[in-house]
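Below: one structure, written as structure tokens.
Computed from a prediction, not measured in an experiment: that's the story for all the values here.
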Amino acid sequence: MFLLIFLKRQENIVCVGSPGTEKTHPAIALERKACSEGVSTKFFRVNNLVEQLEMH
């Protein structure tokens with residue numbers, strides 16, 4: 001559960017970097033680990049998140 005300590009702290013994770021710097025793979029790995037622990041998750045790519053925020 002150490003990998004998911006941010007959940008107990010009720011914190012979010014934001015992966016920032018240039019395209020191609022391997023942010024998606026570790027983010028998905030954390031998401032899968034959280035799901036295996038019974039935690040509901042959401043994954044957003046920035047462009048999709050911005051589109052959703054602009055709609056509201």
Side-chain angles (χ1 to χ4, degrees):
M1 191 70 167
F2 177 74
L3 286 175
L4 304 177
I5 195 77
F6 66 95
L7 294 175
K8 287 186 177 185
R9 295 179 183 169
Q10 296 183 338
E11 297 172 336
N12 295 316
I13 290 182
V14 177
C15 301
V16 179
S18 300
T21 56
E22 300 299 324
K23 299 171 298 293
T24 302
H25 182 78
I28 291 172
L30 284 171
E31 183 177 24
R32 289 180 56 120
K33 176 65 174 165
C35 288
S36 75
E37 299 287 332
V39 177
S40 177
T41 66
K42 292 184 181 181
F43 178 87
F44 296 98
R45 293 184 185 272
V46 171
N47 59 330
N48 296 23
L49 182 57
V50 169
E51 286 175 7
Q52 288 185 20
L53 291 172
E54 287 179 338
M55 292 172 134
H56 292 86

**OP:** Among residues two or more places apart or on two chains, list those pairs meeting side chain to side chain donor-acceptor pair (under 3.5 Å) that have a residue in residues 39-48.
**Re:** Glu31-Thr41

For residues 11-18, please give each side-chain donor-acceptor pair under 3.5 Å, one per line with the distance, not counting sequence neighbours.
none

Subject >> Step-by-step side chain to side chain contact (heavy atoms under 4.5 Å, CB included) determination, Lys23 to Thr21 >> reply: CA-CA 6 Å; Lys23 299 171 298 293; Thr21 56; 3.2 Å; yes

**OP:** State, to 0.1 Å, how close Leu4 and Leu30 come at their nearest heavy-atom pair, and which atoms those are.
**Re:** CD2-O, 3.9 Å

Subject >> Spacing of CG belonging to Leu53 relative to CZ belonging to Phe44, to within rounding of 0.5 Å >> reply: 8.5 Å

Original post:
Is Met55 isolated, or which residues cluster with it under the ILVMFWY side-chain rule of less than 4.5 Å, directly or via members?
Top reply: none

**OP:** Give, for atom SG of Cys35 and atom CD1 of Ile28, the distance between the pair rounded to the nearest 0.5 Å.
**Re:** 11.0 Å

